[in-house]
Amino acid sequence: MSKIRLLLIVVLAIIALILIGLQQTETQWNKTSQQQDKGTLPNYQSDQMITLAYEPTGQLGYQLVADNVNHFAELKETMFTHPVMTIYDENITPLWLISADTAKLTNNRQLYLMGHVEVNNLSTTSELQKITTTDAFIDLITKNIQSDSQVDLYATQLHSSGNGLQGNLEKKSAEIIGNTLTIYTPVQP
């Protein structure tokens, strides 16, 4: 009797899993239909894309590499999966390497970074080395950076953490806004 009961339980579990799968598929289908109705499906998509952006002077401003790119013409924005951005100075020397889980770039060159944001300084002459946070915003015209999330800032002889950040990538400066904790490590003789 217990084998029949066990077989019945297994069959019911499989039926339940199939029904759950069908429900999920229907939910995804409804979401896709709603997006199509709103016109929010991407106008183009690409995998493994490299984008080069030039300044009005003709110099390379930044390079953006991403696993996946979706451009939405109606929304005037582009979404990136696993973006890695290199920002260059006027001599086309790489200054910053910026990565995140996802990013959104608007038509007016505003970059919103989301999830595991890391901003690494590639210059050997700056004290500021790295910034990590969960969300950040970069104005690609002014090079201003800001975040309202928990931020960790690493410099040559210190580590600071706090709530929020504002700074400028071109000037290689950053300021933690609130609840700052700094640990200073003096240079060993």
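Quick note: residue numbers are just sequence positions, from 1.
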What are the two closest heavy atoms between [X] and [Y], and how far apart are they?
{"X": "I176", "Y": "V151", "value": "CD1-O, 4.4 Å"}
{"X": "P42", "Y": "F72", "value": "N-CE2, 3.4 Å"}
{"X": "N121", "Y": "S123", "value": "OD1-N, 2.8 Å"}
{"X": "P83", "Y": "A100", "value": "CD-O, 3.2 Å"}

Is the side chain of [X] donor-acceptor paired with the backbone N or O of [Y] at a distance under 3.5 Å, no angle test?
{"X": "E170", "Y": "N168", "answer": "no"}
{"X": "T78", "Y": "N70", "answer": "no"}
{"X": "W96", "Y": "L169", "answer": "yes"}
{"X": "D139", "Y": "K143", "answer": "no"}
{"X": "E77", "Y": "L105", "answer": "no"}
{"X": "S147", "Y": "D135", "answer": "yes"}

Electrostatic pair R109-E55, nearest N-O below 4.0 angstrom
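Salt bridge between R109 and E55, a charged N being under 4.0 Å from a carboxylate O: yes.
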
Should E118 and S99 be marked as a side-chain hydrogen bond (donor to acceptor under 3.5 Å, both in side chains) after you check the CA-CA gap, both sets of side-chain angles, and the distance that decides it?
CA-CA 5 Å; E118 193 169 300; S99 62; 5.3 Å; no

Report the C-alpha distance between M85 and L111 in whole Å, list the side-chain angles of each, state the deciding distance to 0.1 Å, and finish with yes or no for side chain to side chain contact (heavy atoms under 4.5 Å, CB included).
CA-CA 11 Å; M85 174 182 270; L111 182 67; 3.7 Å; yes

Close side-chain approach of [X] and [Y], heavy atoms under 4.5 Å:
{"X": "Q166", "Y": "I177", "result": "yes"}
{"X": "Q45", "Y": "V69", "result": "no"}
{"X": "Q157", "Y": "E127", "result": "no"}

Would [X] and [Y] count as having a side-chain donor-acceptor pair, cut-off 3.5 Å?
{"X": "S160", "Y": "T180", "answer": "no"}
{"X": "H82", "Y": "D101", "answer": "no"}
{"X": "N43", "Y": "H71", "answer": "no"}
{"X": "T86", "Y": "Q63", "answer": "no"}

At what distance, to the nearest 0.5 angstrom, does [atom1] of [X] lie from [atom2] of [Y]?
{"X": "N68", "Y": "D47", "atom1": "CG", "atom2": "CG", "result": "5.0 Å"}
{"X": "I92", "Y": "Q59", "atom1": "CD1", "atom2": "CD", "result": "6.0 Å"}
{"X": "M49", "Y": "D67", "atom1": "CE", "atom2": "CG", "result": "13.0 Å"}
{"X": "Q150", "Y": "L165", "atom1": "CD", "atom2": "CG", "result": "11.0 Å"}
{"X": "I131", "Y": "Y154", "atom1": "CD1", "atom2": "OH", "result": "11.0 Å"}
{"X": "E175", "Y": "Q146", "atom1": "CD", "atom2": "CD", "result": "12.0 Å"}

Is there a path from [X] to [Y] through hydrophobic residues (I, L, V, M, F, W, Y) whose side chains come within less than 4.5 Å of each other?
{"X": "I87", "Y": "L128", "answer": "yes"}
{"X": "L64", "Y": "Y88", "answer": "no"}
{"X": "V84", "Y": "M79", "answer": "no"}
{"X": "L181", "Y": "Y184", "answer": "no"}

Verdict with reasoning, K172 to L95, per side chain to side chain contact (heavy atoms under 4.5 Å, CB included):
CA-CA 9 Å; K172 300 176 191 162; L95 287 180; 4.1 Å; yes

Applying side chain to side chain contact (heavy atoms under 4.5 Å, CB included) to K104 and L113, what does each step give before you reach the verdict?
CA-CA 7 Å; K104 175 175 71 171; L113 301 158; over 6 Å; no

Can you classify the ring geometry of F137 versus Y112 as parallel (below 30°), tilted (30 to 60°) or perpendicular (above 60°)?
tilted

Decide yes or no on side-chain hydrogen bond (donor to acceptor under 3.5 Å, both in side chains) for T93 and N91, but give the supporting numbers first.
CA-CA 5 Å; T93 303; N91 299 320; 5.1 Å; no

Just wondering, more than 12 heavy atoms not from D148 lying within 6.0 Å of its CG?
no

Kindly determine whether I98 and I138 satisfy side chain to side chain contact (heavy atoms under 4.5 Å, CB included), including the steps that lead there.
CA-CA 10 Å; I98 302 164; I138 300 174; 3.7 Å; yes

List the steps and the verdict of side-chain hydrogen bond (donor to acceptor under 3.5 Å, both in side chains) for T81 and T102.
CA-CA 5 Å; T81 304; T102 60; over 6 Å; no

